[in-house]
Amino acid sequence: MKSTWNQKVWNLVKTIPRGKVASYGQLAGMLGQPRKARHVGYALHQTPEDLVLPWHRVINAQGRISFSEHSQEYLMQKAMLEAEKVTFQDGNRIDMKVYGWRPK
DNA sequence: CTGGTGACGTCTT
DNA sequence: GAAGACGCCACCA
């Protein structure tokens with residue numbers, strides 16, 4: 001099977017350690033395509049239901065969840081992160097200095 | 001092939 | 001700090 005962009009993204013997201021978070025732009029940069037940050041998010045949106053991914057560990061460059069605060073997705077993602085001991089500042093922002101994934 | 005869409009990022013007011 | 005404009009390009013109809 002040919003490797004599509006989506007599959008590369010999914011494969012990378014699977015490597016994010018528990019308790020850490022990464023931004024869309026950061027993931028895109030790891031794939032050698034810093035300008036495709038938007039497509040990282042798009043790829044996650046296209047994730048099949050039978051594929052289990054730690055998608056909740058992916059946030060935007062602002063350290064915020066990209067969903068609306070009123071959405072069910074936002075609440076679920078936040079809950080998943082807090083379950084991994086990831087705390088929020090001001091109730092809705094993540095401190096990237098502390099929880100940012102720093103791969104070597 | 002063409003066009004619309006969009007879990008984003010960066011620059012400019 | 002906040003808000004708007006623009007660029008980016010994979011995927012789908």
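Just so we're clear, the structure is a prediction, and the values are computed from it rather than from any experiment. A, B, ... follow the sequence lines: proteins, then strands. Residue 1 opens every chain.
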What I want to check is whether an N or O donor and acceptor connect the side chain of Arg38(A) with the base of dG7(C) at under 3.5 Å. yes

How far does CZ of Arg93(A) sit from CD1 of Ile59(A), to the nearest 0.5 angstrom? 11.0 Å

Roughly how far, to the nearest 0.5 Å, is the OH atom of Tyr99(A) from the CG atom of Asp95(A)? 7.5 Å

So do the side chains of Lys20(A) and Arg102(A) get within less than 4.5 Å of each other, counting heavy atoms only? yes

Nearest-Å distance for atom pair NZ/C1', residues Lys8(A) and dC9(C): 14 Å

Report the distance from atom CE of Met30(A) to atom C1' of dC8(B), rounded to the nearest whole Å. 15 Å

What is the separation between atom CD on Gln62(A) and atom P on dC11(B), rounded to the nearest whole Å? 12 Å

N/O-N/O pairs, protein side and nucleotides 10-13 of chain C side, under 3.5 Å:
from	atom 1	to	atom 2	distance (Å)
dA10(C)	OP1	Lys36(A)	NZ	2.6
dC11(C)	OP1	Trp5(A)	N	3.4

Rounded to whole angstroms, how far apart are CG on Leu31(A) and C1' on dC8(B)? 14 Å

Which residues, if any, of residues 76-89 of chain A bring a heavy atom under 4.0 Å of DNA chain C? none

Between Ser68(A) and Tyr74(A), is there a side-chain heavy-atom distance shorter than 4.5 Å? no

Arg64(A) CZ to dA2(C) P: how many Å, rounded? 8 Å

Spacing of Asn92(A) atom CG relative to dA2(C) atom C1', expressed in whole Å: 15 Å

Could you go step by step and tell me if Phe88(A) and Ile94(A) meet the side-chain contact (heavy atoms from CB on, under 4.5 Å) rule? CA-CA 5 Å; Phe88(A) 288 66; Ile94(A) 294 175; 3.7 Å; yes

Is the shortest side-chain heavy-atom distance between Leu75(A) and Lys78(A) below 4.5 Å? no

Thr47(A) versus Val9(A): any side-chain heavy-atom pair under 4.5 Å? no

